[in-house]
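See structure below.
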There are 2 protein chains.
Amino acid sequence: MPRDEQALKATVEQSAAVLTAAGFPRMPARVLMALLVAEAGGLTASELGDRLGVSAAAISGAVRYLSQIGILHRVPQPGSRRDRWEFLDDAWYTALMAKSPVYGVIADLGDRAADAIGDESDIGAARAREMARFYRFIDARMPDLMREWEELREG
Amino acid sequence: MPRDEQALKATVEQSAAVLTAAGFPRMPARVLMALLVAEAGGLTASELGDRLGVSAAAISGAVRYLSQIGILHRVPQPGSRRDRWEFLDDAWYTALMAKSPVYGVIADLGDRAADAIGDESDIGAARAREMARFYRFIDARMPDLMREWEELREG
DNA sequence: CGCCCGATTCACAAATTTGTGAATCTTCTG
DNA sequence: CAGAAGATTCACAAATTTGTGAATCGGGCG
């Protein structure tokens, strides 16, 4: 079956839209999905700009964002400033799911709210404590989940 | 220890800000956290408006959103149209984490992208398939995780 | 039945986000 | 070391998002 560029482009955009709906910034999402389906060796900034129909400036901002959060990395091309951008292959979804410290942060805020209420018998305090416990639980289990995935993937 | 309204309010806002950073709409996030720490029986719309310092219209939109995604429910007050809003107590974080069909959707899009590429030996197709597998894995494990939490919580 | 209080909706204004073009900077090539 | 191609940055413009005020709707009470 031949490569269906049109369907591929549509799917890239739809996937990016899902990420965007989940709070992911728009342009980084589009770049991310474009690179996901890219051929070996990644793409250059200008190739990305062409495929997505956006300016070089937009690409620059997006790849900076993505490399900061550890999803991409730049692959310098010897003897050229046309660097290519690539996935940190198996790292990106784990980064997306687990590396974020956000669960721990929310847990701490839950405890802080309960402290501010002061009375542990207060239902609000109880809910806040439970929120804290829940997110600590998630925070703790996430690494296990990722390990399980690794095993599944390799085995 | 007495209730520290000021610290509580600050924590509510900070927690809402974290949710917002994770892509959750701003006003619903604030309402959500305000109700989390509220006393038994929930709050009325106007109480919410007062505590958050926003208009009735903003509250109306936020509670509509939250009840649509199944985090709140309205508790009609017999003989009054001043309904109260409450948590669906233990359901809210599971709703936040698991009930969303988003993992399945992303998985499907990954497969569709691989199909559009057509050649399974293509590295882009391989990555798309792996994305699909990963999110299906998450989708499948999430209910288990929630069950584990329930047991931990009760036991 | 008619008044009143509160919730909801809608059009608009404010604020934030997003992407562009032009200028600037960097580094490879001759 | 000068020229050039590409990347990056910055100020601004367009587009979205967010929340308000005013008008509307609707149920409860006299």
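This is a predicted model, so every value here is computed, not measured. Chain A is the first sequence line, chain B the second, and so forth, proteins listed ahead of strands; every chain is numbered from 1.
Comparing dT8(C), dA7(C), dT9(D) by their nearest atom to the side chain of S60(B) picks out dT8(C). With distances taken from any side-chain atom of S55(A) to the nucleotides dG19(C), dT20(C), dA7(C), the minimum falls on dT20(C). Closest to the S46(B) side chain, of the nucleotides dA7(C), dG21(D), dT20(C), is dA7(C). When the nucleotides dA7(D), dC10(C), dT20(C) are ranked by their closest atom to the side chain of A57(B), dC10(C) comes out on top. Closest to the R26(B) side chain, of the nucleotides dA7(C), dT20(C), dG19(D), is dG19(D).
Contact annotation: R82(B) side-chain N/O to dG6(C) OP1/OP2 distance is under 4.0 Å. Residue R64(B) places no side-chain N or O under 4.0 Å from the OP1 or OP2 atom of dA7(C).
Atom C1' of nucleotide dT16(C) and atom CE of M27(B) are separated by 16 Å, given to the nearest angstrom. Nucleotide dT17(D) holds its C1' atom 15 Å from the CZ atom of R30(B), rounded to whole Å. Between the CG atom of L43(A) and the P atom of dG6(D) there is a distance of 16 Å, given to the nearest Å. Distance W85(B) CH2 to dA7(C) P: 10 Å, rounded to the nearest Å. dG19(D) atom P lies 10 Å from atom CD1 of I59(B), rounded to whole Å. Atoms CZ (R84(B)) and P (dG6(C)) sit 13 Å apart, rounded to a whole Å. For D50(A) and dG6(D), the CG to P distance is 11 Å, given to the nearest whole Å. A straight line from CG of L48(A) to C1' of dG6(D) spans 14 Å, rounded to a whole angstrom.
Aromatic ring pairs are classed by plane angle as parallel below 30°, tilted from 30° to 60° and perpendicular above 60°; the pair Y103(A) and Y135(A) is parallel.
Without hydrogens or angle criteria, R84(A) side chain to G41(A) main chain gives a donor-acceptor distance under 3.5 Å.
Between R3(A) and D119(B) there is no salt bridge, since no side-chain N of the basic residue sits under 4.0 Å from a carboxylate O of the acidic one.
Linking ILVMFWY side-chain heavy atoms closer than 4.5 Å, directly or via other members, places I123(A) and M131(A) in two distinct hydrophobic clusters.
Residue A45(A) is classed as a sugar-phosphate contact, given heavy-atom separations below 4.0 Å to backbone atoms only. If you check every strand for non-hydrogen atoms under 4.0 Å, R74(B) touches sugar and phosphate atoms only.
Contact of the V12(B) side chain with the L36(B) side chain is not registered, since no non-hydrogen atoms from C-beta on lie closer than 4.5 Å.
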